[in-house]
Amino acid sequence: MKVISIKQPWATLIAIGEKQFETRSWATKYRGELAIHASKKIDKGAIYNTLPIIQALSEHGIDKFDQLPTGVIIAKCNLVDCLKSLDTWTDGYILEKHTFIYSPEYEFGDYTPGRYAWKLTEVKQIEPIPAKGQLGLWNYNL
């Protein structure tokens, strides 16, 4: 199965269904099953500086960054599309295929025009599986 390593809290926001897009500087042609790996790094600035992140996590009982799992695969989903960010507007961002990103989703990623938003569906949390992360898409036998 293909896997993507994502820093926390972003990986957990995907696993709990609060984040539907993963933003990257690069596009992928891959479509299909994708596992979400929570890397060992935590973006502490994001946790403490963005109210929608704090609210989303606390709604799921996560009040401290040390409660976020790291170094483990925590979810499976389907990667169904990869859309280029085209422009900003008053209420959010405009992606390819007439897709609009509103709050709080745009606060959960970097939608700077020219970047890519990977659309994730059918997200399911799984029992954490220890794994060493890698850059890019990588393979793991689940």
Side-chain angles (χ1 to χ4, degrees), residues 1-129 131-140 142:
M1 172 178 278
K2 294 289 185 192
V3 184
I4 188 80
S5 292
I6 302 172
K7 288 182 185 179
Q8 289 287 26
W10 316 116
T12 290
L13 287 169
I14 291 169
I16 62 177
E18 295 289 338
K19 178 174 164 55
Q20 285 84 47
F21 289 88
E22 169 59 11
T23 57
R24 295 280 158 157
S25 62
W26 49 281
T28 182
K29 292 183 183 205
Y30 176 76
R31 302 294 181 271
E33 273 194 314
L34 181 68
I36 304 300
H37 174 263
S39 73
K40 290 193 175 188
K41 294 188 178 183
I42 296 175
D43 185 350
K44 294 177 185 174
I47 295 170
Y48 295 116
N49 295 327
T50 307
L51 187 58
I53 295 169
I54 295 166
Q55 289 174 331
L57 291 173
S58 67
E59 286 175 14
H60 293 270
I62 302 165
D63 297 317
K64 297 178 183 172
F65 74 89
D66 61 0
Q67 292 176 279
L68 298 171
T70 58
V72 291
I73 295 171
I74 60 171
K76 294 192 319 186
C77 63
N78 281 315
L79 172 57
V80 298
D81 213 346
C82 179
L83 304 168
K84 189 172 187 176
S85 180
L86 302 175
D87 204 356
T88 61
W89 63 299
T90 308
D91 294 325
Y93 290 86
I94 303 169
L95 308 180
E96 292 177 310
K97 300 182 183 178
H98 306 288
T99 303
F100 297 88
I101 302 297
Y102 302 94
S103 182
E105 185 71 37
Y106 70 73
E107 292 153 326
F108 297 160
D110 181 356
Y111 291 91
T112 303
R115 290 181 56 89
Y116 296 88
W118 298 14
K119 185 176 173 83
L120 308 174
T121 64
E122 300 175 54
V123 178
K124 294 182 179 89
Q125 288 186 55
I126 62 171
E127 196 65 33
I129 301 168
K132 183 177 179 184
Q134 298 179 34
L135 295 176
L137 288 174
W138 48 281
N139 294 310
Y140 190 87
L142 282 180

Distance check, rounded to the nearest 0.5 Å: [X] atom [atom1] versus [Y] atom [atom2]?
X: Trp26; Y: Leu137; atom1: CH2; atom2: CG; result: 4.0 Å
X: Ile101; Y: Thr23; atom1: CD1; atom2: OG1; result: 10.0 Å
X: Tyr116; Y: Glu96; atom1: OH; atom2: CD; result: 7.0 Å
X: Ile129; Y: Ile126; atom1: CD1; atom2: CD1; result: 4.0 Å
X: Gln8; Y: Leu68; atom1: CD; atom2: CG; result: 4.5 Å
X: Tyr30; Y: Lys2; atom1: OH; atom2: NZ; result: 7.0 Å

I'd like a table of donor-acceptor pairs (distance under 3.5 Å, sequence neighbours excluded) in which one partner is a side-chain atom from residues 84-95, with atom names and distances.
residue	atom	partner	partner atom	Å
Ser85	OG	Tyr111	O	2.5

side-chain contact (heavy atoms from CB on, under 4.5 Å) involving Gln67 - partner list, sequence neighbours excluded: Ile62, Asp63, Lys64
List for me each residue that meets side-chain contact (heavy atoms from CB on, under 4.5 Å) alongside Gln125, sequence neighbours excluded, and say none if there are none.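 Result, side-chain contact (heavy atoms from CB on, under 4.5 Å) vs Gln125: Ala15, Ile16.
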Closest heavy-atom pair, Trp10 versus Ile6, reported as atoms and distance to 0.1 Å, is CB-CG2, 3.5 Å
Shortest non-hydrogen contact from Leu83 toward Thr99: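 Nearest pair, atom of Leu83 first, then Thr99: CD1-OG1, 3.7 Å.
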May I ask you to decide if Glu59's main-chain N or O and Gln55's side chain share a donor-acceptor pair within less than 3.5 Å? no
Give a yes or no on whether the backbone of Pro9 and the side-chain of Thr12 come within a donor-acceptor separation of less than 3.5 Å.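 Not at all, since once roles are kept as given, no pair shorter than 3.5 Å links the two residues.
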Can you list every salt bridge (Lys or Arg N to Asp or Glu O under 4.0 Å) pair that touches residues 101-112, not counting sequence neighbours?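 Sorted result for residues 101-112: Asp110-Arg115.
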Mind jotting down which residue pairs meet the salt bridge (Lys or Arg N to Asp or Glu O under 4.0 Å) criterion with at least one end in residues 4-21? Sequence neighbours excluded, please. Lys19-Glu22
Could you list the donor-acceptor pairs under 3.5 angstrom formed by side chains in residues 69-78, with sequence neighbours left out?
residue	atom	partner	partner atom	Å
Asn78	ND2	Glu122	OE1	3.4
Asn78	ND2	Glu122	OE2	3.3

I'd like to check the salt bridge (Lys or Arg N to Asp or Glu O under 4.0 Å) partners of Lys97; sequence neighbours left out, ordered by chain and number.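 In terms of salt bridge (Lys or Arg N to Asp or Glu O under 4.0 Å), with neighbours along the sequence ignored, Lys97 is linked to Asp81.
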Pairwise side-chain hydrogen bond (donor to acceptor under 3.5 Å, both in side chains) hits with a residue in residues 32-41, at least two apart: Ser5-His37
Would you mind reporting whether Phe21 and Lys119 have side-chain heavy atoms less than 4.5 Å apart? yes
Only one of Thr121, Ile4, Leu34 passes side-chain contact (heavy atoms from CB on, under 4.5 Å) with Leu79, and that residue is Leu34
